[in-house]
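Data first, discussion second: the structure below is written as structure tokens.
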Amino acid sequence: MLQNEIKECFIELGHFLNQLTNENYLKNDAVKNNSLFYNQMVDLIDLSQSHNGWFTKENVCFSLASWANALTRENLDKWLISYDFSLVTPKNIGLILAGNIPLVGFHDFLSVLITGHNVIVKTSTNDQYLIQFLAKYLLSLDHRFQDKITFIEGKLENFDAVIATGSNNTARYFEYYFKDKPSIIRKNRNSVAILTGEESQEELINLGEDIFRYFGLGCRNVSKIFIPKGYHFDAFFNAMFSYQEIIKYDKYANNYDYNKAVYLMSNYKLLDNGFLTLKEDENYASPISSVFYEYYENIDEVTEKLKKDVDKIQCVVSKSHFPNSIRFGQTQKPNLWDYADNIDTIAFLLTLQ
């Protein structure tokens with residue numbers, strides 16, 4: 001398949017997903033193969049939480065909306081224009097995907113196919129249905145995807161390179177097992193926000209989106225905030241009140257109760273609003289329903305710390321207090337060119353000759 005043909009299929013996939021970007025749906029009969037796939041996709045969304053308790057309908061639709069917005073001709077052209085694809089020799093690329101949030105591995109899936117390679121996908125048991133369904137839709141648009149997309153359940157074999165995502169522990173296994181192959185191995189990362197106390201109420205409400213979207217399970221979710229000494233939390237908690245409904249989800253509530261109990265039994269000092277705890281801690285990875293905070297004297301302290309810990313950080317949210325920082329409320333809306341771990345996946349795939 002030519003790259004332009006592959007791109008056209010993904011643009012059409014974007015049109016398909018655009019019908020399902022909110023919980024009410026909006027069917028468009030002009031979308032290709034809708035009669036075969038629309039109702040099935042609606043059913044799959046409705047069943048997602050039974051497959052994975054964290055995959056609520058709201059969050060699945062949010063993920064689909066993000067991909068519908070990304071898969072436009074304008075975005076794909078802007079993403080790909082700076083690369084030279086003329087020397088690509090198709091290789092078999094193995095993907096080992098995470099399953100913490102809906103379609104978390106779809107960017108790797110797209111990147112492999114758009115560069116002309118073939119993809120061998122080992123999904124997470126926590127997110128195995130959505131990406132396979134989207135692959136079926138692509139296949140309905142062009143039967144030649146049959147030779148380019150393979151899903152496996154067992155051992156990854158017959159591959160030329162691999163992109164694997166997991167925890168720090170599984171990454172050690174990946175690094176050993178794939179040591180003789182070109183690879184991108186992704187480990188645990190977290191996102192942080194830098195506050196000054198001058199944020200507007202709207203900005204703090206948007207920060208809540210960065211904290212609570214996907215229940216905080218993504219590496220792009222803010223799990224820690226840096227605050228100036230003497231910071232008053234009243235405005236922060238007033239803004240977080242907009243997200244109080246999250247405690248009605250049993251899995252989140254159970255984590256909130258458990259983690260709060262552990263903290264209290266350990267005599268940690270906590271700030272608590274009934275659905276979110278704040279704990280002063282120098283670490284980055286806070287548990288579900290909790291956010292760590294750390295005081296600073298000046299912004300330069302934070303900048304130096306984050307530069308030193310760059311391998312632990314996925315995103316930095318701030319009002320331009322850190323290079324390449326992200327605006328409040330935007331962490332879970334990455335562009336196609338916002339690469340995980342700041343590793344250019346397309347550039348990696350183009351080196352495989």
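Just so we're clear, the structure is a prediction, and the values are computed from it rather than from any experiment.
- Counting only heavy atoms from C-beta outward, the side chains of W54 and I101 never approach each other to under 4.5 Å.
- Below 30°, between 30° and 60°, or above 60°: for W67 and H107 the angle between ring planes is between 30° and 60°, a tilted geometry.
- A ring-centre distance under 6.0 Å is not found for F174 and Y177.
- Applying the 6.0 Å contact sphere to CG of D77 captures more than 12 heavy atoms from other residues, nucleotides or ligands.
- Taking each heavy atom of Q330 and D210 in turn, the nearest pair found is N-OD1, 3.2 Å.
- Taking the six-membered ring where the residue is Trp, the centroids of Y295 and Y293 are separated by under 6.0 Å.
- Using modelled atom types and a 3.5 Å distance limit, the side chains of T303 and D300 yield no donor-acceptor pair.
- Surrounding NZ of K7 are more than 12 heavy atoms belonging to other residues, nucleotides or ligands, all under 6.0 Å away.
- Counting only N and O atoms by type, the side chains of S290 and T277 include a donor and acceptor under 3.5 Å apart.
- The closest side-chain donor-acceptor pair between N255 and S289, if any, does not fall under 3.5 angstrom.
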| query | What do the steps show when you test L278 against F237 for side chain to side chain contact (heavy atoms under 4.5 Å, CB included), and what is the final call? | reply | CA-CA 10 Å; L278 292 182; F237 275 121; 3.6 Å; yes
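- In terms of hydrophobic clustering, with Ile, Leu, Val, Met, Phe, Trp and Tyr side chains grouped at heavy-atom distances under 4.5 Å, F241 and F215 are assigned to different clusters.
- Remark: K279 qualifies as a cation-pi partner of Y263 under the 6.0 Å distance and 45° angle criteria applied to the six-membered ring.
- Residue pairs meeting the salt bridge (Lys or Arg N to Asp or Glu O under 4.0 Å) criterion with at least one partner in residues 330-351, sequence neighbours excluded, are R189-D341.
- Between F233 and Y231, the distance from one ring center to the other falls under 6.0 angstrom.
- The salt bridge (charged side-chain N to carboxylate O under 4.0 Å, His left out) check on K179 picks up nothing, with sequence neighbours excluded.
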